[in-house]
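Below, read A as the first sequence line, B as the second, and so on, with proteins coming before strands; counting in each chain starts at 1. Everything quoted here is computed from the prediction, not taken from an experiment.
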Amino acid sequence: MKILVCLKRVPTTGARILLTADEQEIDTRNLGFAMSPHEECAVEAGVQLIEQHGGSLTVLTLGPEEAVEQLRYALAMGADDAILLAASGDVDPMATAGAITAAIRERGGGENPFDLLLFGNEAADSGGYQVGIRVAHALGLPCVTGVKRLDVTADGLEVRREAGTGWEVYRVPLPAVITIREGINLPRYPSVPGRLRAKKKPVETVEPHLVGGGPEKIRLVNPPEQDHAVQILGQGPAAVPRIVELLQELRLL
Amino acid sequence: MILGLIEHDRGTLNPQSLEMLTLARELAAAGDGPLHVLLVGGEAEGLAADLAPYGPAVVHLARHEALVDYAPAAWAQALVDLIAAEKPAAVLAPGSDRGSEVMAHAAARLNLPMAANCTAVTPGEAYRLTRVRWGGSLLEEAWLRGDPKLLTVAPFVLPDDPAPEPGAAVVRPFTPALSEADLLVRVVDRVQPAGDKVSLTEAKVVVSGGRGVGSAEGFDVLGELADLLGGAVGGSRVATNFGWCTHANQIGQTGTRIAPDLYIACGISGAIQHWVGCKGAKQILAVNTDPEAPMVTRATYAVIGDLHEILPALIAEIRRVRPGG
């Protein structure tokens, strides 16, 4: 099985996000970076599939040159090769999907060469909820989003996504696009030999042709902090009668 | 005309659709009216009457013999057909799993931009909108263009009130032109685990644990409290990543977003990833040893102390005071 996982480099934010002076980006001078959580699970899912069924795993990101760190991390987890679509700043979802679609076709001499394309359900930072679906549409492939369980069957995939307290089941033939939710697995921590091997694996850098479509960012804004003071009910088990009163006030008892 | 896509599951309304209609009514009243809504699937027919108080002039009902359960691309094609026929100025859907997915399919088919999880819109030739990033811990102001403009509405931000002066809603059935490819991805089965647990999104009270719980066994007492209150159990990303609590119950940006009457956060520090999942709660009670933890300072109520001492005492007290308990 030939698998592609598309992932995004995002800052690891703390309890409050600081913005740059021009309000166009997050101030990342004091932040680390990581793979967006859904995509880390997508890489793990891809690695498990090639371990069980054979094949190859390519990882792709659209981002700054530094995003090669996240590609190397995915290679250390077990991917075979990587593609970096070098682009700086926020790239809108239509431009991102267009560049990814073009890179996939380029890999296959005009056709999609992959059996399975995995994305995160949504990027942790921009939260556009659309890149995987746009790529699926452009390539004429079926797409299931929000997947938290994935099984290979004789005729394709059986996948599940959460709905209420249960699961919805979908069956799709391959090739297909699946967008993954965190929780489908626990991503492995790359081993030292894995990290050493990753240094020698090929990373192809491509200058993508970006055709923007919107939405057009004007600026980023920190949401107003709620103006309220927490009411301390007490310390330790001595507070229990006050909690019971609160539950009664809220008609939960 | 403003068009709202109503999310439902086999005829049961997703209430986030009503929050979406609050924003859709604003846009309709600002000059882009009237308001129409779309229901996809014959099983949704009964919802038309329930939606009338929310102000749609027309309820479009997409029926097709092959459309028996949820099929994202088919829902999107029904939406695309209706857009071609009615030429709305904007199309809105709730920012739920299905709403986001169907809108993205429609946007791809129409080759138009889509803005996800909007909280406010200033209408005009282009819409100037505010949308949430990082699950709501950061806002983005942006221009959205397109004919029509496609957007989803962030959950748990807007009220879900009925329209002040609703008229009579006319129901107009139509048959979308669906291909086999549109129906390839559809719900073919459902798996419901045994037991009648309350779902996280529907529970009136959610008892949730984080790093401070310390172990899988530590979650037992949270489950006991949730059962006593008729609620559900949740966990932070730390708790689910350690395997103390199932991933299906993760509350946060990459898990479930909830809006219960009361959220009881036990041993959770309140990182952004978690906060955005629970900030929709009407009241938050934090139980934490650290009075400076973000979860404590942002909560409505807090008890400072060790959850392993407080929760067993609370359970015993509830059993004592509850009639017949």
Which bit of A/Leu252 is near chain B, if near means a heavy-atom gap under 4.5 Å: side chain, backbone, both or neither?
both

Any ion pair linking B/Arg186 and A/Glu168 (charged N to carboxylate O, less than 4.0 Å)?
no

CD/A/Glu249: more than 12 non-hydrogen atoms of other groups inside 6.0 Å:
yes

Do other residues, nucleotides or ligands put more than 12 heavy atoms under 6.0 Å from the CG atom of A/Asp22?
yes

Please determine whether side-chain contact (heavy atoms from CB on, under 4.5 Å) holds for the pair A/Ile218 and B/Arg128, giving the CA-CA distance in whole Å, both sets of side-chain angles, and the decisive distance to 0.1 Å.
CA-CA 9 Å; A/Ile218 301 167; B/Arg128 185 181 173 123; 3.8 Å; yes

Specify which of B/Ile310, B/Thr254, B/Asn111 makes the most heavy-atom pairs with chain A at under 4.5 Å.
B/Thr254

Quick check on A/Arg160 against chain B: is it the side chain, the backbone, both or neither that has a heavy atom closer than 4.5 Å?
side chain

Contact leader toward chain B among A/Ile26, A/Asp92, A/Val172, where contacts are heavy-atom pairs under 4.5 Å:
A/Ile26

Please state whether the side chain, the backbone, both or neither of A/Pro187 comes within less than 4.5 Å of a heavy atom of chain B.
neither

Highest number of heavy-atom pairs under 4.5 Å with chain A among B/Arg190, B/Lys282, B/Lys204 belongs to B/Arg190

Pairing of A/Arg161 and B/Glu101 as salt bridge, 4.0 angstrom limit:
yes

Quiz question: by atom type and distance under 3.5 Å, do the side chains of B/Ser179 and B/Asp182 form a donor-acceptor pair?
yes

Top contributor to chain B interface from A/Gly127, A/Gly164, A/Ala124 [non-hydrogen pairs under 4.5 Å]:
A/Ala124

Name the region of A/Leu250, side chain, backbone, both or neither, that has any atom closer than 4.5 Å to a heavy atom of chain B.
side chain

Under a 4.5 Å heavy-atom cut-off, does chain B meet the side chain of A/Glu122, its backbone, both or neither?
side chain

So which of B/Gln250, B/Met103, B/Arg131, B/Glu317 has the largest heavy-atom pair count under 4.5 angstrom toward chain A?
B/Arg131

So which residue, A/Lys217, A/Gln248, A/Arg219, A/Arg251, ends up with the most heavy-atom pairs under 4.5 Å with chain B?
A/Arg219

Checking A/Lys148 against chain B: side chain, backbone, both or neither under 4.5 Å from a heavy atom?
side chain

Looking at A/Asp125 and A/Arg9, is any side-chain nitrogen of the basic one under 4.0 Å from a carboxylate oxygen of the acidic one?
no

Quick one: what part of A/Arg242 sits under 4.5 Å from any heavy atom of chain B, side chain, backbone, both or neither?
neither

Side-chain donor-acceptor pair under 3.5 Å between A/Thr153 and A/Glu158, yes or no?
no

Can a cation-pi geometry be assigned to B/Arg98 and B/Tyr70, taking NZ or CZ under 6.0 Å from the six-membered ring centre and within 45° of the ring axis?
yes

Taking every non-hydrogen pair under 4.5 Å, which of B/Pro113, B/Gly95, B/Gly305 racks up the most with chain A?
B/Pro113

